[in-house]
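Position 1 is the first residue of the sequence; numbering continues from there. The model shown is predicted, which means the values in this text are computed figures rather than measured ones.
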Amino acid sequence: MALIRSIVHLLWMALTCVPYTLLILVVRLFGASTRTRYRIARAWLKLSVDAARVIMGIRTRITGMEHLPTDPKQGVVLLVKHQSTYETFLMPAIMPRPLAYVFKRELLRIPFFGWSIGSLDMIHIDRGNGARAFVKVLQQGRKLLGQGTWVIMFPEGTRAARGEKGQYKSGGTRLAVDAGVPVVPIAVTSAKVWPRKAFIKRPGTVDVSIGQPISSEGRQPDELMREVEAWIEAEMRRLDPEAYP
């Protein structure tokens, strides 16, 4: 049954992605703002999360929303635990501000999905060109944060298996220090139901815990990232103790 539900959800996402992408491209052709295009993309992502609940029985339990800044001009860098694809869909669906992902430009080649994200205010980089790529992150990140857009990054860089920890990199905190904005650590237990690289998903609840904003003023990026890492990993153990014997 879990296999059938996973197939149905994947087909649903593939089919619905096409009309939403076409709508984004059409409104862009007629001069729609990036905010309008983002709202269309967010609607599809929210539908995908809702479909995961209805079709596969994957629910979300969110705590800490009250920690998020309410000033529409306040930019923040969200630093999120990365265990599966699920949180990449979930974060824009639940956040009160537009988000800008930092992602590898190879994703732009994916039909429809890649065309959609290429039409939005995102930061796509060439990971093979390290120093120049990060300069682009700083330049575009400062601009977006100054507009009140929140930049979201996965500090581990890639998905970590349940109960495991990747190497936390300081790119997100370097951007926050450079732009003078706080960071918000977020723990997500998505691997309980949507394991890394797994096709079959299981019903269950994904816990999302949003931490207090941490000021970047007067901080060193590496030291700030160590604080973020400590909070996220401690919170992961609290939310999913079975994964950490």
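Of all heavy-atom pairs between Ala179 and Leu145, the closest is CB-CD1, 3.7 Å. Shortest non-hydrogen contact noted between Gln83 and Met236 is NE2-CE, 3.5 Å. Smallest separation of non-hydrogen atoms from Pro182 and Pro213: CB-CB, 4.2 Å. In terms of heavy-atom proximity, Arg97 sits nearest to Asp71 at NH2-C, 3.7 Å. Glu235 and Ala187 make their closest contact through CG-CB, 3.8 Å (heavy atoms, listed as atom of the first residue, atom of the second, distance). Annotation for Val184 and Gly211: closest pair CG1-O, 3.6 Å, computed over non-hydrogen atoms.
Between the Arg37 side chain and the Ile24 main chain, no donor and acceptor come within less than 3.5 Å of each other. Put simply, the side chain of His9 never gets that close to the backbone of Ile55: no donor and acceptor are under 3.5 Å apart.
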Check against side chain to side chain contact (heavy atoms under 4.5 Å, CB included), Thr149 and Met122: CA-CA 10 Å; Thr149 296; Met122 303 284 173; over 6 Å; no
Derivation and outcome, side chain to side chain contact (heavy atoms under 4.5 Å, CB included), residues Met225 and Leu79: CA-CA 9 Å; Met225 182 54 76; Leu79 298 174; 3.9 Å; yes
Chi angles and distances behind the side chain to side chain contact (heavy atoms under 4.5 Å, CB included) call for Gln147, Thr34: CA-CA 12 Å; Gln147 297 170 351; Thr34 53; over 6 Å; no
Residue pair Leu90, Thr60: steps toward the side chain to side chain contact (heavy atoms under 4.5 Å, CB included) verdict: CA-CA 9 Å; Leu90 178 65; Thr60 357; 3.5 Å; yes
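Applying the side-chain contact (heavy atoms from CB on, under 4.5 Å) test to Ala243 and every residue at least two apart in sequence or in another chain returns Arg162, Asp240. Among residues two or more places apart in sequence or in another chain, the side-chain hydrogen bond (donor to acceptor under 3.5 Å, both in side chains) test is passed with Tyr168 by Glu233. Trp150 is linked by a ring-ring contact (aromatic ring centres under 6.0 Å, His included) to nothing, counting only residues two or more places apart in sequence or in another chain. Residues meeting the salt bridge (charged side-chain N to carboxylate O under 4.0 Å, His left out) test with Glu223, sequence neighbours left out: Arg219. For Arg53, the salt bridge (charged side-chain N to carboxylate O under 4.0 Å, His left out) test picks out Asp50, with sequence neighbours left out. Partners of Phe89 under the ring-ring contact (aromatic ring centres under 6.0 Å, His included) rule, at least two apart in sequence or in another chain, are Trp44. In this view, Ser170 and Asp222 satisfy the side-chain hydrogen bond (donor to acceptor under 3.5 Å, both in side chains) rule, not counting sequence neighbours. Partners of Lys201 by salt bridge (charged side-chain N to carboxylate O under 4.0 Å, His left out), not counting sequence neighbours: none found. In terms of the side-chain hydrogen bond (donor to acceptor under 3.5 Å, both in side chains) criterion, residue partners of Thr21 (sequence neighbours excluded) are, by chain and number, Ser116.
Looking at Met91 and Val49, their side chains never come closer than 4.5 Å, going by heavy atoms from C-beta outward. Between Glu229 and Pro155 there is no side-chain heavy-atom pair separated by less than 4.5 Å. Proximity of Val102 to Leu175: side-chain heavy atoms (C-beta onward) are nowhere separated by under 4.5 Å. For the pair Leu68/Pro96, a side-chain contact is recorded, criterion being any heavy-atom separation below 4.5 Å from C-beta on. A 4.5 Å side-chain heavy-atom check between Val76 and Val181 finds every atom pair outside the cut-off.
Atom-to-atom distance recorded for Met153:CE and Leu99:CG is 13.5 Å, nearest 0.5 angstrom. Remark: Thr88 OG1 to Ile152 CD1 distance equals 8.5 Å, nearest 0.5 Å. To the nearest 0.5 Å, atoms NZ (Lys46) and CZ (Arg39) are separated by 15.5 Å. Interatomic distance, CG of Leu47 versus OH of Tyr20, reported as 4.0 Å (0.5 Å rounding). Taking OG1 of Thr36 as the start and CZ of Arg28 as the end, the distance is 13.5 Å to the nearest 0.5 Å. One finds the CG atom of Leu22 at 11.0 Å from the CD1 atom of Ile40 (value rounded to the nearest 0.5 Å).
Other residues, nucleotides and ligands place more than 12 heavy atoms under 6.0 Å from the NZ atom of Lys169. In this structure, Glu242 places its CD atom where only 12 or fewer heavy-atom neighbours from other residues, nucleotides or ligands lie under 6.0 Å away.
Ring geometry for Tyr101 versus Phe154: interplanar angle of 30 to 60°, hence tilted.
Taking the charged nitrogens against the carboxylate oxygens, Lys81 and Glu156 do have a contact shorter than 4.0 Å, which makes a salt bridge.
Cluster annotation: Val54 and Val193 are assigned to distinct hydrophobic clusters (Ile/Leu/Val/Met/Phe/Trp/Tyr, side-chain heavy-atom contacts under 4.5 Å, transitive). In this structure, Ile4 is a member of the same hydrophobic cluster as Met56, with clusters built from ILVMFWY side-chain heavy atoms closer than 4.5 Å. Tracing side-chain contacts under 4.5 Å through hydrophobic residues (I, L, V, M, F, W, Y), one never reaches Val206 starting from Leu239; they form parts of separate clusters.
Residue Leu10 is found in a hydrophobic cluster whose other members, listed by chain and number, are Leu3, Ile7, Leu11, Phe199, Ile200; membership requires side-chain heavy atoms under 4.5 Å apart, directly or through intermediates.
Annotation: salt bridge (charged side-chain N to carboxylate O under 4.0 Å, His left out) contacts involving residues 56-65, sequence neighbours excluded, comprise Arg61-Asp207. Contacts classified as side chain to side chain donor-acceptor pair (under 3.5 Å) and involving residues 171-190 (residues at least two apart or in different chains) are given here: Ser84-Ser190, Glu87-Ser190, Arg142-Asp178.
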